Every structure is written in structure tokens, then in C-alpha cells.
Amino acid sequence: MQKLNTLLKEVNPLKVVGDEDKTVSKLIIDSRKAEADCLFFAWKGTLTDGHNYIDSAIEKGASVIVCESLPDAPKEGITYLKVENTLSVVGLLASAWYDHPSRKLKVVGVTGTNGKTSVCTLLFDLCRSLGYKVGLLSTVENKINETIIPSTHTTPDPVSIHGLIAQMVDTGCDYVFMEVSSHAVDQKRIGGIDFDGALFTNISRDHLDYHETFRAYIDAKKAFFDGLKKDAFALVNKDDKRGMVMLQNCNAKHHSFSLQALADFRGNLLSNSLEGLEMKIDNHDFHSPMVGAFNASNLLAVYGAARLLGQSGIEVLTHLSALRGAKGRFEVYKSSTGIKGIVDYAHTPDALENVLQTIAESNSGSKQVITVVGCGGDRDKGKRPMMAKIAANYSDRVILTSDNPRSEDPASILDDMFEGVRGVLESKVLVIADRSNAIKTAFQFAGPKDIVLVAGKGHENYQEIKGQRIHFDDAEEIRKHL
């Protein structure tokens, strides 16, 4: 319970209709969850307009409404707060509701097309290994030390985020590491969070179904850095041509990491095999069981962030060398006959190419590479032929299959993908819509020392088909056939 007039100190409404001196029981963004004396946020979204649900929320007991347009006939006993943009104030009020929890620990946000989950998970595991209490907000799962809280979005809604951070404060956490998606920035889901650091991994084509243009996607990532406070750190990947762009007009302290150029945190990749990475980081020898140049970059990013958080370089490298990264990110399974199955979340052209390049670079002694890959429905259609072409260029055999078709017809998605391999590449491509049969067929083709890559879903343990989530786990399927 909190007094409304106390919460109002955080925002400056355009207009207030009704009594400001009342008690609020809860903050609600879903009218179906409204209850007595709660505050309901209404905004105009891309699919629905929350203003249409104000009456429903009031019927369930809401007594305060935050909205962008006032009703023609305000209801008696209800307080209406008119604001220019509801999304812009949700985070501010949520932070105040939980007594500004993000100010009571160190919060580091990680953004980029690829690597967000790996970097956040590595930072979480590293700091836990160093003896700290830590929180994690990621695509795979949210964690408060050992406690796992299921994750439904890369970045949750603002009320949920501040609630989770408050729980982390209550359990004595020192750090919180969170993924910051472009959607979250654009939709103000990170509003009110006091970030102590921001990290940029890379950027390539993704989410154009939402942002429409690549420029808008880049701008969403950059807006995260533009909003940082002066005493925060901004750490960017200098090997990505847009890394330094993130630092333009950014008030935070500028830092960079690189495997290829002079930077604040410098690494050299010495060897890369399916057994792991050999590197030099700031002139120290370093080994990791993780695989691939992209993971070398992720590890260097984690090292840089840890140093900026005040940790000792040698101690960081010692603990980092024992970590294995996030679930569903280049997980390797082996059979007694030498067949290897690899699960990876690669669901963008750039990520798929990185994984297949990694396999090619570290594929000493192996024979053929067989790739099973699909594309999600209701998402950027332009990347579908690109994904298929990349798979065919780097693989001996390719099986195109379903990913999460969502509301789309899987056959239509596969037709879009097949356009990328018509001509000389199509002879090595099969189309099997059923993902389980596709993986089974790949292993039927595989012989000793062959590699089967199953890409696109990674940690996900479901397929989303016509509004239903049906259990499906790529790792389980691989283990079954190995």
C-alpha cells in the first residue's frame, strides 16, 4: 500500500482528475488482474488500446487510472492521471513503488543482436564464483542466486522488473545482470532502472518485423546508451563497426574491447577447436572450454565488464576459465562413434553464419556437416532465404524444418526459406516440416566424425504452433538419436 500523492512526486501529469489523497494497493498493467484500490496503466499499443479496458479495470476495483486520453464522462470516485506517454511513466512509478531498488545495487545491462544471454549468464556465474550474491534477468531464465524464476520475455514489463530487482535487494544481491532488448528500449520497459553499466556485443539484421528498418533497430539499441548517467560505464565491441556509434552522445564513461584492434580490453584468439579456446587477454594466457570466435568476444566482454566493476584481472580470468556459458548456446553432445550433435540458438543470419564458421574453423578430423534449421513465423520474412543460403553454403547437407511457426503455415515459411537455395545449392537441401523427423533424418545421414547442427531454438523447450506451446527440446532429440 502506498499513498498516491507520494507516487506522484515521480511524475508530472498533464492533468489530474479526482482525489490525489488516496491509497493505492497495487500497480496493474493487465486489466484482467485488477483488484480493489489498484492503479491501472492504459496505453495505446501496437495491437490493442489499453484505454478500451479502463471500464473493465474499474469494475474489478481499480481506483486510479493512468492514461493518455481522459474519458468523456469520468467516473465518480476514480482518479485519472493524464500523461503524454503512459509507457514513459510506468517504470518511474514502479521504481518508486518498490522504493527505487535499482539504486541499492549495481545493475549492468547487456544489449546486442547476439551474445546477450551468454554474456549475462557468464557475468552471473562469474560473480557467483567470486563469492557475490547476484541476480540475473535473461531470455533463458531469471535468477536470484540459486532460485530460478521462469522467463517469458527477454526483458519483462517495468512493474515485474522492479519487483524482481526489489526481491534481489531483499536477498542481499550485490549485482544484477540483465538483457536489454531493442523492444524493451522502444517500449520503455527499462524505465526507472538506475543502470551502473551498459555493454554492447554486436548488431546485425533482426526484429525488422517490429522496427521495420535496420536504422530504427540500431537507434533503439543506441537509445539505451544515450540514457546512461555520467558515472556509469559504457563498454562496446570495437570489432563491430557500429560499436563506437553507441558511444556518440553517451554521457557515461567510454570503454571498448577488441580481438582485432587497440582497445581498453584487448584479446587475441590463439586457437579454436571443439575442445575449447586458447586466448591471450591483456597479455595473460587464458583457456576456456567454450568454442568459437564469437565466444572469445563474449568472454572478453565479460572480462572487461568485471574489471570495470572493480574485480581483479587475474582472479577474473581464473574463475572465468572454468565457466561453460548459457544453456542452448553451442552445446556439444558426442556419441561413442564420434558423431557430434550441436544445439545453438542461432536464429539470425549473422548468428547462424558465426556458428557454422566456428564449426568450419574447429572441424579438424570431422567429415560432413549436416545442418537442421528453420525460421520463426510472424517474424521478419526477409531473413528466411538468407538463413537457408548461409546453411547451404557452409554445410554438406541441410534440412529445412519448422522452428516456431506461431500463426503461420509452416509450409509457407519453408517456401520462403527455399527461395534462398534455388539453383546450385538445392541439391544438398531437404525440406521436412516436422522438426522431430528432421533431426532424426539428420542423424540417419550422419556417420562417424560427422557433425549435426540443430539451430534456431537453443534453450527453448517448446514449439509455438497456432497459439499453443507444445513441449519440444532440441537437446533431448539429439541425445535420443546419439
Side-chain angles (χ1 to χ4, degrees), residues 110-126 128-129 136-143 148 151 154 177-181 199-204 206 237 259 269 272-277 279 288-303 305 320-334 340-362 369 371-374 376 387 390-391 394 403-404 439 451-462 472-479:
V110 179
T111 196
T113 304
N114 304 311
K116 295 188 296 295
T117 301
S118 292
V119 169
C120 281
T121 302
L122 285 167
L123 281 166
F124 174 87
D125 290 340
L126 171 65
R128 291 275 293 149
S129 179
L136 173 70
L137 295 166
S138 82
T139 303
V140 177
E141 59 191 4
N142 300 317
K143 295 178 79 171
I148 297 174
S151 176
T154 299
F177 301 108
M178 67 178 292
E179 293 186 45
V180 176
S181 68
L199 195 156
F200 170 79
T201 57
N202 51 63
I203 197 164
S204 61
D206 199 14
N237 182 2
L259 292 169
L269 178 55
N272 171 28
S273 73
L274 291 179
E275 306 308 313
L277 296 165
M279 300 174 63
S288 170
M290 299 176 69
V291 178
F294 61 95
N295 271 324
S297 182
N298 290 339
L299 288 160
L300 183 57
V302 170
Y303 171 80
L320 195 57
S321 65
L323 303 182
R324 292 188 171 272
K327 178 177 170 56
R329 270 61 176 178
F330 212 96
E331 284 190 289
V332 181
Y333 299 86
K334 301 176 184 178
K340 295 184 180 73
I342 299 175
V343 175
D344 196 87
Y345 189 52
H347 61 285
T348 66
D350 181 61
L352 183 62
E353 188 166 28
N354 282 341
V355 170
L356 285 165
Q357 281 180 340
T358 294
I359 292 172
E361 291 163 1
S362 56
V369 175
T371 297
V372 180
V373 65
M387 296 274 286
I390 287 167
Y394 285 93
D403 189 287
N404 291 321
I439 295 171
I451 294 175
V452 176
L453 169 66
V454 182
K457 292 180 60 58
H459 64 280
E460 294 177 351
N461 60 2
Y462 62 85
F472 193 94
D473 189 314
D474 284 351
E476 286 179 9
E477 295 293 315
I478 284 179
R479 288 195 295 268

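In this chain, numbering begins with 1 at the start of the sequence shown. Small disclaimer: the values here were computed from a predicted structure and weren't measured.
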When you measure from the side chain of Glu179 to the backbone N and O of Lys116, does any donor-acceptor pair fall under 3.5 Å? no
For atom CZ of Arg128, decide whether the heavy atoms of other residues, nucleotides or ligands shown that lie under 6.0 angstrom number more than 12. yes
Looking at Lys334 and Glu275, is any side-chain nitrogen of the basic one under 4.0 Å from a carboxylate oxygen of the acidic one? yes
Out of the candidates Leu352, Val343, Val373, only one should pair with Leu453 under the side-chain contact (heavy atoms from CB on, under 4.5 Å) rule; please name it. Leu352
Side chains of Val454 and Glu477 in contact at under 4.5 Å (non-hydrogen atoms): no
Shortest non-hydrogen contact between Arg329 and Thr117, atoms and distance: NH2-OG1, 3.1 Å
Check whether any side-chain heavy atom of Thr139 sits under 4.5 Å from a side-chain heavy atom of Tyr345, and report yes or no. yes
Interatomic distance, Arg479 atom CZ to Asp473 atom CG [nearest 0.5 angstrom]: 6.5 Å
Nearest 0.5 Å, please: how far is OG in Ser129 from CG in Leu122? 11.5 Å
Will you find, in the side chains of Asn114 and Asp350, an N or O donor that is under 3.5 Å from an N or O acceptor? yes
Test Lys457 against every option in Asp474, Asn404, Asp403 by the side chain to side chain donor-acceptor pair (under 3.5 Å) rule and name the one that passes. Asn404
So, Thr111 side chain and Val180 main chain: donor-acceptor pair closer than 3.5 Å or not? yes
How long is the gap from OG on Ser288 to CZ on Arg324, to the nearest 0.5 Å? 8.5 Å
Measure the spacing between CZ of Phe124 and CG of Asn142 and express it to the nearest 0.5 Å. 10.5 Å
Nearest-0.5 Å distance that lies between atom CG in Leu300 and atom CG in Leu259: 5.5 Å
Measure the shortest side-chain to side-chain distance between Ile451 and Leu274 over non-hydrogen atoms and say whether it is less than 4.5 angstrom. yes
Pick one: which of Thr358, Leu277, Ile342 meets side-chain contact (heavy atoms from CB on, under 4.5 Å) with Val291? Thr358
Rounded distance (nearest 0.5 Å) linking atom NZ of Lys327 with atom CG of Asn461: 7.5 Å
Who are the side chain to side chain contact (heavy atoms under 4.5 Å, CB included) partners of Glu353, not counting sequence neighbours? Gln357, Ile390, Tyr394
